[in-house]
K.L.:
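Pasting a structure below so you can have a look.
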Amino acid sequence: MKILHYEVSTKTNYLSPPYGGLGGKNMDKKLIIAIDGYSSCGKSTFARLIAKELNYIFIDSGAMYRTVTLFCMRRKYINITGLNTAGIISELKDIHIDFVFNPDRNEYETFLNSENVEKEIRSMEVTSFVSRISQMPEVRARMVELQRQIGGSKGIVMDGRDIGTVVFPDADIKIFMTASIDIRAKRRHTELKSRGVNIDFEEIKRTIIARDIADENRDISPLRRADDAIILDNSRMTVDEQMVWIKEIIDKKRNGS
Ligand code: DC
């Protein structure tokens, strides 16, 4: 299998990612597009599709926080009772995260120190610990540094919680996504079921609410809408409708309005 990949660990450049490079229809104006919002709103699906449409790079910044969390779990730096912050800080620089293109799936997959962890970082266990890891200032500082390195050359769509507020405050387009709790829980439930994970709907809802509270109330880079972000409530929108909506915004931006 031929793998094209770019690293976010030590290097500032990436190697010909299939979504990047020569650009889409209007090659002249490359944009930074920041997609922030609540968990389970479909941010990554949306961001990934926009990147494909434009031939841009897509970065799922949540995957980076999840990967650090997995690393900490394996090292036993985090469990239900506690957090070994000194241990985490001492090893932060040794955590290498790669996004590697898998042509069979036509998607990027996340690698931790050369191991494919794409599936593992989506587990309920990682999900339950990630808020605590992503609250650590040292972890955030390192992730933001890496995210800025990747976005330095424009032509990128990045989704997360603080992309439009902290990582790229000058992003060309900022979207803030939201949807009703019930709809988000339903989508997550369907997604988990399709992956063979059987979990109670109410439990999913509780986890989503808890993550919203953690995301919105942490001291550093809490989830909030940037003043210049456009709100997208996709509770009653299909993915196709969202794409029509964003294309209009992109076209306007490219035409200078
Ligand atoms: O998007 P996600 O659910 O995969 O993100 C996982 C966690 O990472 C989420 O609980 C919040 C955190 N996160 C963050 O703090 N900042 C980001 N830019 C992206 C995610």
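What you see below is based on every heavy atom in this structure, not just the backbone, and it leaves out hydrogens, waters and symmetry mates. Both counts, for ligands and for their atoms, begin at 1 and track the order of listing.
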K.L.:
Are any of the N or O atoms of Arg66 closer than 3.5 Å to those of ligand 1?
P.N.:
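By distance alone, the answer is yes.
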K.L.:
Check step by step if salt bridge (charged side-chain N to carboxylate O under 4.0 Å, His left out) holds for Lys154 and Asp172.
P.N.:
CA-CA 10 Å; Lys154 290 214 167 193; Asp172 302 283; 3.1 Å; yes
K.L.:
Starting from atom 19 (C) of ligand 1, find the nearest protein heavy-atom neighbour and note its residue, name and distance.
P.N.:
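Of the protein heavy atoms, Ser61 OG, 3.3 Å lies nearest.
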K.L.:
Under 3.5 Å between any N/O of Arg218 and any N/O of ligand 1: does that happen in this structure?
P.N.:
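The answer is yes, given that Arg218 and ligand 1 share an N or O pair closer than 3.5 Å.
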K.L.:
Test of understanding: given a 4.0 Å heavy-atom threshold, classify the contact between Asp215 and ligand 1 as side chain, backbone, both, or neither.
P.N.:
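Under 4.0 Å from ligand 1, Asp215 contributes side-chain atoms alone.
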K.L.:
Using heavy-atom distances, let me know which of Arg132, Lys43, Arg161, Gln135 sits nearest atom 1 (O) of ligand 1.
P.N.:
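Shortest heavy-atom distance from atom 1 (O) of ligand 1: Arg161.
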K.L.:
Please state which protein non-hydrogen atom is closest to atom 6 (C) of ligand 1 and give its distance, to 0.1 Å?
P.N.:
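The answer is Arg211 NH2, 3.5 Å.
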K.L.:
Would you say Arg75's side chain and Ile88's backbone share a donor-acceptor pair under 3.5 angstrom?
P.N.:
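Flag not set: sc Arg75 to bb Ile88 has no pair under 3.5 Å.
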K.L.:
What I want to know is whether Arg140 and ligand 1 share at least one N or O pair that is separated by under 3.5 angstrom.
P.N.:
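Indeed, backbone or side chain, Arg140 has an N or O that close.
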K.L.:
Among all protein non-hydrogen atoms, which one is nearest to atom 12 (C) of ligand 1, and what is the separation to 0.1 Å?
P.N.:
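Looking only at protein heavy atoms, the one closest to atom 12 (C) of ligand 1 is Ser134 OG, 3.7 Å.
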K.L.:
Between atom CD1 of Ile32 and atom NZ of Lys30, what is the distance when rounded to the nearest 0.5 Å?
P.N.:
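It comes to 11.5 Å.
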K.L.:
Begin with the C-alpha distance, continue with both residues' side-chain angles, and end with the deciding distance and a verdict on salt bridge (charged side-chain N to carboxylate O under 4.0 Å, His left out) for Asp182 and Lys205.
P.N.:
CA-CA 7 Å; Asp182 275 314; Lys205 214 166 141 178; 3.0 Å; yes
K.L.:
Is ligand 1 under 4.0 Å from a heavy atom in the side chain of Arg188, in the backbone, in both, or in neither?
P.N.:
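Neither part.
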K.L.:
For a side chain to side chain donor-acceptor pair (under 3.5 Å) check, start with the C-alpha distance between Glu118 and Tyr108, then their side-chain angles and the critical distance, and finish with the verdict.
P.N.:
CA-CA 9 Å; Glu118 182 58 40; Tyr108 281 99; over 6 Å; no
K.L.:
Mind running side chain to side chain donor-acceptor pair (under 3.5 Å) on Asp159 and Ser44 for me, showing each step along the way?
P.N.:
CA-CA 6 Å; Asp159 83 289; Ser44 294; 3.1 Å; yes
K.L.:
Can you list the steps and then say if Asn79 with Thr81 is a side chain to side chain donor-acceptor pair (under 3.5 Å)?
P.N.:
CA-CA 6 Å; Asn79 58 32; Thr81 52; 2.8 Å; yes
K.L.:
Can you report which non-hydrogen protein atom sits closest to atom 20 (C) of ligand 1, along with the distance?
P.N.:
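Ranked first by proximity to atom 20 (C) of ligand 1 is Gly62 CA, 3.6 Å.
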K.L.:
Does an N or O from Asp162, backbone or side chain, lie closer than 3.5 Å to an N or O of ligand 1?
P.N.:
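N/O-N/O distance under 3.5 Å: yes.
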K.L.:
Does the pair Arg161/Asp36 count as a salt bridge with the N-to-O cut at 4.0 Å?
P.N.:
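Here Arg161 does not pair with Asp36 in a salt bridge, since their nearest N and O are not under 4.0 Å apart.
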